[in-house]
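Please read the structure below before turning to the comments.
Quick note on labels: first sequence line is chain A, next is B, and so on, each numbered from 1. Every heavy atom of this structure was used, including side-chain atoms; hydrogens, water molecules and symmetry mates were not.
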Amino acid sequence: QKEVEQDPGPLSVPEGAIVSLNCTYSNSAFQYFMWYRQYSRKGPELLMYTYSSGNKEDGRFTAQVDKSSKYISLFIRDSQPSDSATYLCAMSADGNQFYFGTGTSLTVIP
Amino acid sequence: EAGVVQSPRYKIIEKKQPVAFWCNPISGHNTLYWYRQNLGQGPELLIRYENEEAVDDSQLPKDRFSAERLKGVDSTLKIQPAELGDSAVYLCASSRWGQSTYEQYFGPGTRLTVT
């Protein structure tokens, strides 16, 4: 079993839709949770990070962590064509070694 | 602030040939990571440096891969000899110790194709 599971998609939504991206994990020691955005032929770019449980909001993006269910989510409100990318979740127990999901490919259609 | 710089951006080599990748981290970042990202997969850590010390190289295939980080700044990752299965994107990332270490900044990667 992989440390982190992520639905690869692809996910296609109309502009303005709310997007929900999810990851599950098996290691209960994980306490650092991150979401990265990766455009084609670019390196991953950190979008959001959360320590332990709870929610975090930044503009149109909201990250949620449910440690009891070992489940994290990223919500994108009012999605834009520029949000079209691959979204990677990543997790760590110690803030040094990170385990990445496989990424979900998102396309926002104008 | 300049980002993480990697070169070359693309490399095509024949199997059994050697290849090297270079990374220049963000100025002041003492932690440097090398990841490998296969198509349709997330990055997988190969090696992590704190300054010039390799503190985690457990996932580095040491029979053919080597890395160095002289003077705790630039780093080079080498493969010798390359195999077909080494075709991937090699990503370098850096972060600053003392700051939230999970704020890793990635370079654009080197796309390696082994034929």
Inset, instruction - Heavy-atom distances under 4.5 Å only: say whether A:P44 touches chain B with side chain, backbone, both or neither. - result: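 For A:P44, the contact with chain B is made by backbone and side chain together.
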Legend entry - Side chain, backbone, both or neither of A:Q38 within contact of chain B (heavy atoms, under 4.5 Å): side chain
For [X], is the [atom1] atom crowded, meaning more than 12 foreign heavy atoms sit under 6.0 Å from it?
| X | atom1 | result |
| --- | --- | --- |
| A:E45 | CD | yes |
| B:I12 | CD1 | no |
| B:L84 | CG | yes |

Inset, instruction - May I ask you to test the B:E50-A:N96 pair for a side-chain heavy-atom distance under 4.5 Å? - result: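 Of all side-chain heavy-atom pairs linking A:N96 with B:E50, at least one is under 4.5 Å.
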Inset, instruction - Answer whether the closest heavy-atom distance between the side chains of B:Q104 and A:Y49 falls below 4.5 Å. - result: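 Not touching, per the 4.5 Å side-chain cut-off.
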Should [X] and [Y] be counted in the same cluster of Ile, Leu, Val, Met, Phe, Trp and Tyr side chains packed under 4.5 Å apart?
| X | Y | result |
| --- | --- | --- |
| B:F21 | B:V73 | no |
| A:V13 | A:L21 | yes |
| A:V19 | A:F33 | yes |
| B:Y33 | B:Y90 | no |
| B:Y49 | B:I26 | no |

Inset, instruction - Walk me through it: do B:R48 and A:F98 pass the test side chain to side chain contact (heavy atoms under 4.5 Å, CB included)? - result: CA-CA 11 Å; B:R48 175 169 63 94; A:F98 297 89; over 6 Å; no
Legend entry - Evaluation steps, side chain to side chain contact (heavy atoms under 4.5 Å, CB included), between B:Q41 and A:F100: CA-CA 9 Å; B:Q41 301 294 315; A:F100 284 79; over 6 Å; no
Legend entry - For the student: nearest non-hydrogen atoms of B:R111 and A:R41, plus distance: NE-NH1, 3.0 Å
Inset, instruction - Identify the heavy atoms of A:G43 and B:L91 that sit nearest to each other, and give their distance. - result: CA-CD2, 4.1 Å
Inset, instruction - Measure B:Q37 against the heavy atoms of chain A and call it side chain, backbone, both or neither at under 4.5 Å. - result: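 Side chain only.
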Legend entry - Distance in Å, B:D56 CG paired with A:D94 CG, rounded so as to fall on 0.5 Å steps: 9.0 Å
Inset, instruction - Please determine, among B:P43, B:G109, B:G42, B:G40, the option with the most heavy-atom pairs under 4.5 Å with chain A. - result: B:P43
Inset, instruction - Select, from B:P108, B:G107, B:A93, the one with the greatest count of heavy-atom pairs under 4.5 Å involving chain A. - result: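 Most heavy-atom pairs under 4.5 Å with chain A: B:P108.
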